[in-house]
Amino acid sequence: MKTSKQPTLRSLLSTPYSLLFLILLLAAGLRFYRLDAQSFWNDEGNSARIAERTIDLILEGSAGDIHPPGYYLLLHCWRALFGQSEFALRSLSVVAGLVLIVFTYLLGHHLFGQTTGLMAAFLGATSPFAVYYSQEARMYALLAAVSAASTYMLLRLLANDTGQKPGFAEKTWFLAYVLTAAAGLYIQYAFSFVLLVHNGIFGLWWLAVARRSVYRGRWLVTWAGTQAAVVALYLPWLPGALSSVTGWSAAGRAYELGHALWDILRVLSVGTTLPIGEATIALLGAGGLLLVGLWPVPPALSKVKENLTGWPQQGTRTGWLGVASMALYLLLTIALIFAFDLYKPAWLKFLVVALPPFHLLLAHGIETLAQIVGGRKQKVIRPASRNLYHASFVLMTVLATITVYPSLHNLYFDPTYARDDYRQIAADVAATRRPGDAIILNAPNQWEVFTYYYPGQDVYPAPYRPGAEGGTAFLTPLVEQYRRLFVLYWGDAESDPRRLIETWLAAHTYKAGDAWYGRVRLATYGVAPLPEEPAVALDIHFGEAIRLSGYALVGDLFAPGDVLPVTLFWETQAPIPERYKITVQLLDSAGRLVAQVDTEPGDGLAPTSTWQTGQIMADRCGVLLPADLSPGHYKLIASLYHITTGERLPVDTGGDYVVLGDVTIAPPQ
């Protein structure tokens, strides 16, 4: 009686699907790891708040947005199932990232065989660029997944090597292709680039295969009908799409083409969290493998692959057509980004659709080299050759992993590459906020992300690109109503290029400092009367040319948490070539520093190098008192120092600072 041989762990792990499962586990671990460690940034906040709406409001809001509603509708359903936490909302992108890996494998298996498919899946699993967008609550991981899926459906329906009449199988793949392509258009307008790629792939196939068939005309009609069906499914949203796409602003072509191409290779190879200078070797290796991957594999070497791996390679298309399809997928996507002037750092996210062909061509190059090492000129594949092939393959895999490790480490841990920290901004504001405070958002699209973390009242989005009158009309009621203002500055070049909000506040309030949270700056202002001449006259000279003619301190009794409103009146007796900073400090009875503000004059908008001789400069500074400051009497001093060295200017009365007076802190009410 025969007994069935039980599979061993080694045999299970040596099967393609077991390896694919392990790759997916690795990918899931990299994507779920520290998924909610960083705050939502602006665009993610938009996703979170849009997903809260009802379906009809999502559709209505997307009509005026630069993105179609598909992702938001899916996120709305996802939120209903899993909640609205950062982890829950980002996990949809994690799942999309895993789907992308599956279709990368399927594309590789179909075009080049299981080995290339698995290697490409591994490269996709560890790709820092793919991991980043799989951890973002935006539509780009989903865009990449649907792009790969629709491309796979297309190549499956073009698997007809003779161009014969489309049968039931082709019609099934046509239907699947139409549905995924239409879904892609509803997810992101950039999917239109993928449709252009698909038409190019079909054109290559038709010229190589169907053109010689008696059914060549039917194939053209069928393909045209497929594209018409995609457009028909998208027709309800087409008017809004045309309006949104034509409203896009161009990047401005402010780049040198060679550097831009090198940067694109960096992004696809090691992501955005590794500078080019630290990635040169990796980029040279990736470029070399890409060139090898662009070279079709001869049939004899393809047979060597089957003998070396022991895996069946039937159905693979390792000739020029498979390579040409992936090359077109990669290169046309990049070319369209340049053609539509979409190259700039903030828009490199569109490259996610190029990840599958990039990884497939890299994997094809890696495997081609391994085949040459392990099986060249051998009619019979010996165990030693097979081991050499496997060793070469493993070595290249290890090198690929080592290459991306620094970028992944930066992605997880380096604050330089962290998302803007609105979570911490909201926590800091909430910890210090008290009655009489308001929060101003200088860019209107900060409202969604800030209120996700800070659901409180008294939050005011500034008008987009305000004119002088618009800024005054917006800010004047706020300084009349509130005593302190917290202002979030982000994207000034777009939302307020003339910095009218900041300029008006510098002239009408007392800035008490600011802090950076990524690319967002939180500034604190005190509101008080604005004296136009000194309350205390002085005649003190700093250095050789700067004179302090007096100061004014509004009020004589302050509480912890208040902003001391100090106005310093400066003038220069000669042009000042250097920029200096002003520091106003509060010292206790023992001379210890308890509070201070450091700034260039006019909130940085009137540096000393721009002062005119004989002109009086009224500089308003706010000193934020700590919330736990003990009651008592304190000394207020002021000084000027070199902005580069920190060295203070000497004062003609002796020392390097001037005493402005005493300040009394009352017990908190």
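Reckoned from all heavy atoms, side chains included, excluding hydrogens, waters and symmetry mates. None of the values given here were measured: they were computed from a predicted structure.
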For this session: Say whether R433 and Y454, considering side chains only, have a donor N or O and an acceptor N or O under 3.5 Å apart.
Result: yes
Could [X] and [Y] be called an ion pair, given the rule that one side-chain N must be under 4.0 Å from one carboxylate O?
X	Y	value
R521	E502	yes
E494	R465	yes
E86	R423	yes
D420	R519	yes
R90	E136	no
D263	R266	yes

Exercise. Per the side-chain contact (heavy atoms from CB on, under 4.5 Å) rule, which among L649, I637, L640 passes with Y657?
Worked result: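 Answer to the side-chain contact (heavy atoms from CB on, under 4.5 Å) test with Y657 among L649, I637, L640: I637.
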Please table the atom pairs, donor to acceptor, closer than 3.5 Å between any side-chain atom in residues 527-546 and protein atoms at least two apart or in another chain.
residue: E532; atom: OE2; partner: R620; partner atom: NH2; Å: 3.4
residue: D539; atom: OD1; partner: R547; partner atom: NE; Å: 2.6
residue: H541; atom: ND1; partner: D652; partner atom: OD2; Å: 3.1
residue: H541; atom: NE2; partner: Q573; partner atom: NE2; Å: 3.4

Distance-only donor-acceptor pairs under 3.5 Å for side chains of residues 621-635, two or more places apart:
residue: H633; atom: ND1; partner: T664; partner atom: OG1; Å: 3.1
residue: Y634; atom: OH; partner: S630; partner atom: O; Å: 2.6

For this session: Measure the acute angle between the ring planes of W504 and H508, then classify it against the limits of 30° and 60° as parallel, tilted or perpendicular.
Result: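 Parallel.
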Exercise. Measuring from R592:CZ to Q585:CD, what's the distance to the nearest 0.5 Å?
Worked result: 15.0 Å
